[in-house]
Structure formats: C-alpha cells, structure tokens
Number of protein chains: 2
Amino acid sequence: MQKTSIATPKTVHVNCSDCPIRHRAVCARCDDDELERLEEIKYYRSFEAGQTVVWSGDRMDFVASVVSGIATLTQTMEDGRRQMVGLLLPSDFVGRPGRETAAYDVTATTDLVMCCFRKKPFEDVMMATPHVGQRLLEMTLDELDAAREWMLLLGRKTAREKIASLITIIARRDASLAARKNGGPVVVDLPLTREAMSEYLGLTLETVSRQISALRRDGVIEIEGKRHITIPDFDRLIEEAGDDADGGFLV
Amino acid sequence: MQKTSIATPKTVHVNCSDCPIRHRAVCARCDDDELERLEEIKYYRSFEAGQTVVWSGDRMDFVASVVSGIATLTQTMEDGRRQMVGLLLPSDFVGRPGRETAAYDVTATTDLVMCCFRKKPFEDVMMATPHVGQRLLEMTLDELDAAREWMLLLGRKTAREKIASLITIIARRDASLAARKNGGPVVVDLPLTREAMSEYLGLTLETVSRQISALRRDGVIEIEGKRHITIPDFDRLIEEAGDDADGGFLV
DNA sequence: GCATATGTTTGATCTAAGTCAATGCCTGAA
DNA sequence: TTCAGGCATTGACTTAGATCAAACATATGC
C-alpha cells in the first residue's frame, strides 16, 4: 500500500453545506466569524478503496471528519493479529486534539473523502469557541457508548449473533428509518469485505462466511451478489443479534 | 442487592484537596469563583463492596468521580450474559452530561466513595467554564483509547494473554512507577473477584482460575492468599500480555 | 479467450475455552 | 468448634470457532 497525496479542492466536489462538521451541528450555534475561521483551515483529501490514510505511530497533524465513503481504525499486534476498533461512516470524526501521532492504522475501505483541519489551528478554534469543544465532547461520548456496545459483542456474543449485530449496526446508519419502522424489508449494501468484517467482529473470515450462509439458509437475510442484503424482517434480525428491541436507538 | 442512601458528609472524611475532579486538574485553570461553584454542588456518597450504585435504565441525576475504591460498569444481555465495559479506579469519572438514565449497571466492587455533582448544576458550570468541558473531553478521549485497547484484548487475545494484560493494567495504575522502571519486583493486590475478572475479560471464571494457576506455575507471577500478587519480572509479564513494551505509557 | 488476482464459499480436522461437577479453603456466625 | 456460605481450584468431557486446504466466482489485463 502506498501513501497518498493531498487532493486539490477542485477535484473534490464538496461545498460548505456538505461539511460534516457543520452537518453534525458543531457550528450550529457559532456566529459567522467563527464559521469563517473553520472555513479557512479546512481542506479536503480523497483516498481510493484500500489506501491507508495514516499508519499507527505516524505523525498526524490534522483532525478530520468523513464526508463520503468508509474508513476503519485498526490495531495490530506484533504477530499480525488485527482488531478493528473504529468504523467511520460519513459525519464521523477522527483524530485527537493534543496528540502528535496516530494511535491506530486508519484505512479507506471504500473510496473516501475526508474534510480535514490542520490540528494546531483547529485547537485554536476550539479554545476560542466553546461550542466546538462541546460538540466534540458529545461526539466522543457517543463513540464511547458505541465502543462499549462493541465490547459486549466481542466479549460475549456468538459468531451468529456477531454477524447479525453487524448487519443491524450498518442498517441502522444506512437504511431509512421509515423502512424499519413500518416493518417493510430493509435493504443494505455491506461496505466491508468478509475479511474486514472478521476484523470488526474478532472472528476469522471463514467463520464470517459460514455464519452469513447460515443466516441466509435460515431466511433471516437474503443475498444478491456478495454484498447486497435484504432483511425481510428487521425485528427477527435484531432478535438474532441478541439485542434488546430498542437498544440501538440509544446511539 | 439493595439500593443505598446518600452518606452524610460527616461520615466521609474527604476534603476538597482530595476531590478527584480537582486532582485531575479540571479546576487547575479555574478562578476562585468557578471553584466555588463546583464546591457548592458537590457531595459525597459511599457504598459497601457489592452494592449497586445505579442499575442500567434507572434515572441518574448526577455525575461523579471516584474518590476511593473501585466501581465497574457492566452490560447485561437478556439471558444474563454479562460483560464489564468500564473499570473505575480513583479519579475516574462516571456519568454523561445530557443523559437522563444510566446506560450500564454501576457496581461497587470494593468499598467505594464517590464525589458527586447534581447533573443540572454541573451542566451549568460546564457551560459557564470551558475549562471543565475541555478537561472532560480529555478524560473521555482517554477512556475511548482504553476502550479500544480493551477491544483488542476481547477480540484477539488468548485467555493467558487476557489475564496477563489485566494484571499489567491494574499494576500500571496501582504500583509505583519506580518499581517498574528499575526492574524490581512489582506488588499488586487484585481488587476483583475471579468472577469480576471473567466479566472484564470475556471468559468464564474457571478459565480465569486455570490461567492464573498456569502463570503461577510458569513463574510469571507469585501469589499469596487469593489476591496478593508479586511480579518478579514486569517485562516478562508484558510479553505474556502480547503488548508492545511501551504500549501502556500512551494511556 | 485465457491467465491471474482477489474475494468468497465449503469441507475436514483440531483445539482452546466452555460446561458440568466435585472438592478445598477461609471467614464469620451460632 | 463447628457449621454455612462465599470464593476459588481442579478434573473430565464437550463444543464453537480456528486452522488447513481445496474449489469457485468475478473482474482485469493481455
């Protein structure tokens, strides 16, 4: 894998109103002056599927949020065992104000566009505008909750439950709420390879494959091609995931 | 298990300088006026080992930090499978500004004293004094890093590595750095039962017991009684945990 | 149209950790 | 001093998921 260069803004068709920092309301309460400051230090980078954004331990002098596509945070042990510890969907945030180097490998699993802010100026804006820091705290607390849900999955769920859980997690962020509420079939495209799923779930990819086949055999999901899934009965899937019916609405 | 009442301040011998919020420098940059406000809304509660602080789903109208003793956050599945998702040592923080109900069971695993702040006034102080929010963000980011380390443990480590990891985690917060640096033996008292350890590690308590015995047989640790452990060679233990030699200094 | 690469499925076998069950070891109450 | 009730250990057996290995399905380039 090779490192990528910064995309020139003109190759990336994103305008301010698409910026996820704005989208997720960091700036909702900022005045024009503050917005202006964020605008100035903002730039876009894009990556192709499979490219690495930064390696764990590398210097990382920006923070960013995902505009489109999917990125992962992964930890690696010396002998090569890998565990995904973060899945970044559009509007999610990466990077830690006040830290020099990346703590995890950050990888684009699909084509990816990120909205970046150089760290130092971003920290200055944070100091000057409490709202930005407050929004960041809120987002970090959400991530912590998600991490704790994930810990339950890793520590206590069976392989089948893990697969069902992952599909619900992706469907919840992906599919229209409407489709889920009215009990109609839900359609999702898995944005991850079987290997990436195995790194998310703490399984081997063979086990992932077998359990997906099993869920299909049992009619819990239907599959077209490798990645396109339809869920005829979302409540049934939630049951298979071992979650409370409403657990996912917390996050 | 029974719910506990609020301890009267006079039964708890803690003064302001012991307050962990202060200790962890939330207030280091606050002026006297701001400190005063935190003082006013602060009170102490104490719990006996085994008592539950709050149940998941219960109303929780305070945030708190641990003064002394140990508390755990645990998630429970409908069929009773349990996974610990937080281990609170002195100076750690619990509770989420802006959330009504507890998301996890909070339990005292030893006798416990907590420094509590009623949520609403605490939120007001946060709004008024950015430093408090900034400190909270920093602490939350630390917790998120710890959670991600924990996810690697749950997803990819063997039972033996899990046990070794847990001992290093406790030793790192417990034992004097001096003893670890100069290569001398490190002494720790495990503050958890075998069952609590199994809930932390995503194992059964039998496996925990067996692996502790195995580490003892192999000379990695020495045990007196059930809980008192000495580690003759800390680097050896870190190796058994499957961690990089310096991994733990990040957190 | 064939070759190569990448991702995926499926089968056969093995093993680490779980389950079930018995026993041991303290501590504190009667 | 002995009995109970928690913890903890250890053993025998089972099993979910890992490992090893083969085959299959698309896509890309030649």
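No hydrogens, no waters, no symmetry mates; every other heavy atom, side chains included, goes into these values. Lettering of chains follows the sequences in order, A, B, ..., and the numbering in each one begins at 1.
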* Asked: Any ion pair linking A:Arg148 and A:Glu143 (charged N to carboxylate O, less than 4.0 Å)?
  -> no
* Asked: Could one point to a donor on the side chain of A:Arg216 or the base of C:dT8 with an acceptor on the other under 3.5 Å away?
  -> no
* Take atom CD of A:Gln211 and atom C1' of C:dT8, then tell me their distance rounded to the nearest Å. => 15 Å
* Asked: Touch check for B:Arg160, heavy atoms < 4.0 angstrom, all strands: base, sugar-phosphate only, or nothing?
  -> nothing
* **Distance in angstrom units between B:Arg81 CZ and C:dT19 P, rounded** => 10 Å
* Asked: Between A:Met197 (CE) and C:dT8 (P), how many Å, whole number?
  -> 9 Å
* Asked: Over how many whole Å does the gap from B:Arg156 atom CZ to D:dG17 atom P extend?
  -> 13 Å
* Given atom CD of B:Glu206 and atom C1' of C:dA16, what is their separation to the nearest angstrom? -> 14 Å
* Which whole-number value in Å describes the distance from B:Glu195 CD to D:dT9 P? -> 14 Å
* Asked: How would you label the contact of A:Leu203 with the nucleic acid (heavy atoms, under 4.0 Å): base, sugar-phosphate, or nothing?
  -> sugar-phosphate
* Which residue, B:Ser209 or A:Gly202, contacts DNA chain D at a nucleotide closer to its 5' end, judged by nearest heavy atom? -> B:Ser209
* To do: Mind checking A:Thr204 for me? I need base, sugar-phosphate or nothing, with any heavy atom below 4.0 Å counting as a touch.
  => base
* Please give, in whole Å, the distance from C:dC25 C1' to B:Arg194 CZ? -> 13 Å
* To do: Using a cut-off of 6.0 Å, state whether more than 12 heavy atoms not belonging to B:Glu239 lie near its atom CD.
  => no
* Is B:Arg96 salt-bridged to A:Asp142, cutoff N-O under 4.0 Å? -> yes
* Structure fact -> From NZ of B:Lys226 across to P of C:dT27 the rounded distance in Å is 10 Å
* Asked: Is the shortest distance from a Lys or Arg side-chain nitrogen in A:Glu240 or A:Lys157 to a carboxylate oxygen in the other one below 4.0 Å?
  -> no
